[in-house]
Amino acid sequence: MNRNIAFGANLNKSFFHSVYELLFALHRNQKHQKIPYYYHNRRANAAEGIKSIIDFGFPVANAEPFAIAPPIEWGAELPNNREWQVIRNAFFSVDYLLQAYLDKGDLIYFDLAADTAADWVTYNLVEERYNKIKWSDICCGLRAFYFAFIINNDSRLLDNLERGALLVEGAFAHANQLLNPKNIAKSNHAIFQALGLATLAELFNFLPQSVEWERVAVEILNSVIVAQYGNEGVHLEHSPYYHGWVLERIKQVSTMPWFSSVEKIASAINLSERNFVHFFHPDLSLAEIGESSPEKVNWVRDLHDFTKWAVSKGKEGSRPQCGDILFKEAGYAIVRDTFDNGLGSSYLILTAGHHSPSHKQNDCLSFEWSDFGQKIMVDAGKYAYDFDEKRDYVMSRRAHNVVEIEGEIFDPKMPYGAGKLQLSIGEDGEKRISASIPGKSNNVQVYRELVIKHGEYLVCIDFICVDDGNRYVCNQWFHFHPSLQLLGVKEDSYSFKLPNNGVLTASALNKTYSHKFYLGDESPNLQGWISPSYGVLSPAPCIGFNQTINKNFCFVSLFRLSESPLIIEDQFVRFSDTGVIQLGWRDLMRFSIEVKVPFGETLD
C-alpha cells in the first residue's frame, strides 16, 4: 500500500494500528454477519440490463447516458439537470451492478461496483476535487449503505488492500457525516440516511462506537416517520405519489434487522396503508396533486386490504368504511360517491396544505375531479426535476385548478401547515367542500367552495376579498383530462365530449368576466399542458376565466354533466344583505344553490 487510511474521528485507533488490522477484522466478521440487500429500485433481470448499461451508459431522463466505469468525473454537471448529477452520486449504477451480481453471482459486476465506490473516495476525499453535491443528503445515505454492503460481501477484501482501504475510508467518512444532526434532512431523504448509518453500525459492530451509531440511526428513523406521516397517517410532502413511494421505502427499511424495535414503524405503516386508497381516482390512477404522476395502483407491492378491494372491484380485501373524509392535518378534503364495486364512479379531491418545500407546487386550493368512472379535471403532475421552462410551468399557479392573482409570490420555503377545511353533505346527496388557507397573496384573500352532486354537476365558487382597493388581474384556471374533446363554444359556455359519449358543459354563471380556451399553447406562456409521465408534457384542454378587480368579487363556474349538449340559461348570481349568495341556472331542470359569504362584507 502506498497511502494510509484517514480513519476519522469516530474510529478508535487504539483498536487498530494499521489498515490491515481493520480489514482483517472486517474479513473475520464476514463469516457470521451478512447484511441484507436494500433494493432502492427493484430491477427485474438486472443482469440482462446491465450489459447494455456497461456498453452504452446509464440512462437518465432528458439527458445523455453516462459511463459507469471508473474513472468517473463525479463533480460533472449538466445545465438545468441536477437529477443527472444526483443519480450518479447516489450510486444508482452501483445499485444496478449489485443487483446483477446478486441475480447471477458474477464477480465482474461486484468488482465494477466496488471499483466505482473506491473511485468516488479517490475523487472526493483523497484528491478533494470539486463536487457540488458530494454530501447531498440522499446521496450520502444511499452511498453509506452501498459502502457497507460491498465491504461486507467482498470475499477478497484482503487481496486488494488499496481498494479495501479506500472503501473503509469512504465508510467512515459517511458515518461522520450522518452523525452530525445538521446534515440530516427534513424530508423523506432522512429515511435513507438512517438506513445508511444503521448499516454502517452493523458492519462495524465489533467497534464500541457502533452502539451509538445504531442509536442515532433509530432516532433519525423515528423522527422522520412522525415528520412524514404526522398523526393522521397521511404523507405531509404534498404528493399522493410520494405517500405510496415513501411508504414502500419505510416498509422495506423496516425489514432490516436493526430497525425491528423501532416502535413507530408498525403503526405508521398500518395507518398510512389504510389511508392510501383515498388518493386514487375510480380508474385506479393516483391523484396528480403536487409532484405526482398518474400511476396506477398496481405499482404498490403487498396491497392493504382496502387497496385490494379497489383493485379487485370489491371481490377481494375489505371495503373501506367511508369515501368522504377530511385530513385536516395534511390538508386534504375528499369526497367519493361510493366504494361499491371498488372505487365507485365519482371522486373529488382538494388540497390545502403546505408543510415544507418538499414536492410542493403552487397548487393550494387546487382540485381534481372524476365522474362516470373517468377523469374530468386534473392537475399538471410532476413533469421532471429539471430547471427549465416546462418545470417552471408545472410548478406555477397557472398549471393548476386555482385562482391566480397577478403579482402573487409563492415561496415554497414558507409553509403554513394546513388550511381550514369543512365538509358537509345535504339530504339530496349534494356535498360541499369549503376551503381557505392562511395569509394573503398581496392584499387579496381567496376562499373556495366546491359543490358537487355525483353524476350531475360541480360548481366552483371562489370568493376574492380585496383589502387595499388596488386593481388586480385574476384568472380562474381549469385543466381537463386530454381524453375530453371540445365540441363547441357558445358565449361563455364550453361543451366537451367525454370518452363515455357523455357531455360536460362548462359555464360562467356570473357572466361578468372574459374567458379563453387553451390547448398546448406555447406563447406568450405555456398553457394547456399536463404531464402524463416523467419528463413528458402533453397538450390538454384548459379554460381561463379572467377578471380585473379592485373590490370583493366572486367567480362562479358551473360544470354540468349530461347525455347530450345542454344550453345553460337563466344563469344568475345574487348577493343578499344577509351574507348569502344565491346562484342558479336552468338546462333540462332548474337548479338553485345558496352559499354563505365567508367574510363580513357584502359582495358587489
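Nothing fancy with the numbering, it's 1 onward along the sequence. We use all heavy atoms of the structure for the numbers below, so side chains are in, but hydrogens, waters and symmetry mates are not.
- Looking at N81, its side chain never comes within 3.5 Å of a backbone N or O of D386 through a donor-acceptor pair.
- At least one donor-acceptor pair under 3.5 Å links the side chain of Q527 to the backbone N or O of R398.
- Remark: the E232 side chain and the N275 side chain contain no N/O donor-acceptor pair separated by less than 3.5 Å.
- Residues forming a ring-ring contact (aromatic ring centres under 6.0 Å, His included) with H354 (at least two apart in sequence, or on another chain): H238, F410, Y416.
- S366 and D379 share a donor-acceptor pair across their side chains, judged by distance under 3.5 Å alone.
- Of the possible polar contacts, one joining the R448 side chain to the L365 backbone as a donor-acceptor pair under 3.5 Å is found.
- No more than 12 heavy-atom neighbours from other residues, nucleotides or ligands sit within 6.0 angstrom of CD1 on I567.
- If you take CG on L348 and CG on L423, they are separated by 9.5 Å, rounding to the nearest 0.5 Å.
- N470 is not listed as a side-chain neighbour of V444, based on a closest heavy-atom distance of 4.5 Å or more.
- Counting only N and O atoms by type, the side chains of Q361 and E291 include no donor and acceptor under 3.5 Å apart.
- Using modelled atom types and a 3.5 Å distance limit, the side chains of S557 and Q476 yield a donor-acceptor pair.
- Residues S239 and H359 come closest through the heavy atom pair CB-CB, 4.3 Å.
- Here side-chain hydrogen bond (donor to acceptor under 3.5 Å, both in side chains) pairs that include residues 528-544, with residues two or more places apart or in two chains, are E83-Y534.
- Atom CG of D468 sits about 9.5 Å away from atom CG of N550, to the nearest 0.5 Å.
- For F480, the ring-ring contact (aromatic ring centres under 6.0 Å, His included) test picks out F496, with sequence neighbours left out.
- Minimum heavy-atom separation, S293 to K382: OG-CB, 4.1 Å.
- Contact check on R590 versus D587 returns no salt bridge, with no Lys/Arg side-chain nitrogen under 4.0 Å from an Asp/Glu carboxylate oxygen.
- With a 4.5 Å cut-off on side-chain heavy atoms, V378 and P294 do not count as touching.
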Handout entry: Check against side-chain contact (heavy atoms from CB on, under 4.5 Å), H281 and L284
Key = CA-CA 5 Å; H281 283 264; L284 300 180; over 6 Å; no

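- Crowding of K390 atom NZ: a count of heavy atoms from other residues, nucleotides or ligands under 6.0 Å not exceeding 12.
- Two rings, from F279 and Y332, have their centers less than 6.0 Å apart.
- Taking W135 as the reference, W120, H174 meet the ring-ring contact (aromatic ring centres under 6.0 Å, His included) condition, with sequence neighbours excluded.
- Of the possible donor and acceptor atoms, one in the side chain of H243 sits under 3.5 Å from a partner among the backbone N and O of H235.
- The shortest non-hydrogen separation linking P282 to S370 is CD-CB, 3.6 Å.
- Ion pairing between K375 and E288 holds under the 4.0 Å rule for side-chain N and carboxylate O.
- Heavy-atom minimum distance, T338 versus R319: OG1-NH2, 3.4 Å.
- A donor-acceptor pair is defined here as one N or O able to donate and one able to accept, closer than 3.5 Å; such a pair exists between the side chain of D388 and the backbone of R391.
- Atom-to-atom distance recorded for L484:CG and S495:OG is 11.0 Å, nearest 0.5 angstrom.
- At a cut-off of 3.5 Å, with distance as the only test, no side-chain donor of Q374 or D283 sits close to an acceptor on the other residue.
- Environment of CD in E77: crowded, with over 12 heavy atoms of neighbouring residues, nucleotides or ligands closer than 6.0 Å.
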Problem - Evaluation steps, side chain to side chain donor-acceptor pair (under 3.5 Å), between T505 and S493 - result: CA-CA 7 Å; T505 303; S493 291; over 6 Å; no

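- Proximity of R336 to L343: side-chain heavy atoms (C-beta onward) are separated by under 4.5 Å at one or more points.
- The closest donor-acceptor contact from the side chain of S272 to the backbone of A268 lies under 3.5 Å.
- Taking the side chain as every heavy atom from C-beta outward, N525 and E522 never approach each other to under 4.5 Å.
- Checking side-chain atoms of W309 against main-chain N and O of F339 turns up a donor-acceptor pair under 3.5 Å.
- When every heavy atom of W369 is checked against every heavy atom of S346, the shortest pair comes out as NE1-OG, 4.4 Å.
- Between I289 and E368, the closest heavy-atom pair is CD1-CG, 4.3 Å.
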Practice task
Test side-chain contact (heavy atoms from CB on, under 4.5 Å) on I250 and I191 and set out the steps.
Solution key: CA-CA 7 Å; I250 290 177; I191 297 170; 3.6 Å; yes

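- In this structure, the separation between OG on S356 and CG on L236 is 8.0 Å, given to the nearest 0.5 Å.
- Of the possible donor and acceptor atoms, one in the side chain of D521 sits under 3.5 Å from a partner among the backbone N and O of L519.
- Rounding to the nearest 0.5 angstrom, the gap separating the CG atom in L566 from the OG atom in S507 is 9.0 Å.
- Summarising the local packing, CG of N231 is surrounded by 12 or fewer heavy atoms from other residues, nucleotides or ligands at distances under 6.0 Å.
- Looking at heavy atoms from C-beta onward, V459 lies out of side-chain contact with F559 at the 4.5 angstrom threshold.
- Looking at heavy atoms from C-beta onward, N546 lies out of side-chain contact with Y513 at the 4.5 angstrom threshold.
- For W477 and Y518, the distance between ring centers is under 6.0 angstrom.
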Handout entry: F372 and L561: CA distance, side-chain angles, deciding distance, side-chain contact (heavy atoms from CB on, under 4.5 Å) verdict
Key = CA-CA 9 Å; F372 298 137; L561 296 165; 3.9 Å; yes

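- Considering only heavy atoms from C-beta on, F367 comes within 4.5 Å of C460 through its side chain.
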Practice task
Go through N222 and V226 one step at a time and tell me if the side-chain contact (heavy atoms from CB on, under 4.5 Å) criterion holds.
Solution key: CA-CA 7 Å; N222 263 324; V226 173; over 6 Å; no

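- Residues I452 and I433 are not in side-chain contact: their nearest non-hydrogen atoms beyond the backbone lie 4.5 Å or more apart.
- Sorted by first and then second residue, the pairs that involve residues 429-439 and meet side-chain hydrogen bond (donor to acceptor under 3.5 Å, both in side chains), not counting sequence neighbours, are D324-K431, E430-R432, E430-Y457, K431-H454, S434-E449.
- A donor-acceptor pair is defined here as one N or O able to donate and one able to accept, closer than 3.5 Å; no such pair exists between the side chain of H400 and the backbone of V402.
- Qualifying ring-ring contact (aromatic ring centres under 6.0 Å, His included) partners for F306, counting only residues two or more places apart in sequence or in other chains: H304.
- Checked against the 6.0 Å centroid criterion, the rings of F280 and Y347 do not qualify as a close aromatic pair.
- Within the 3.5 Å criterion, the main-chain N or O of G455 finds a donor-acceptor partner in the side chain of D371.
- Rounded to the nearest 0.5 angstrom, F478 CZ and I376 CD1 are separated by 13.0 Å.
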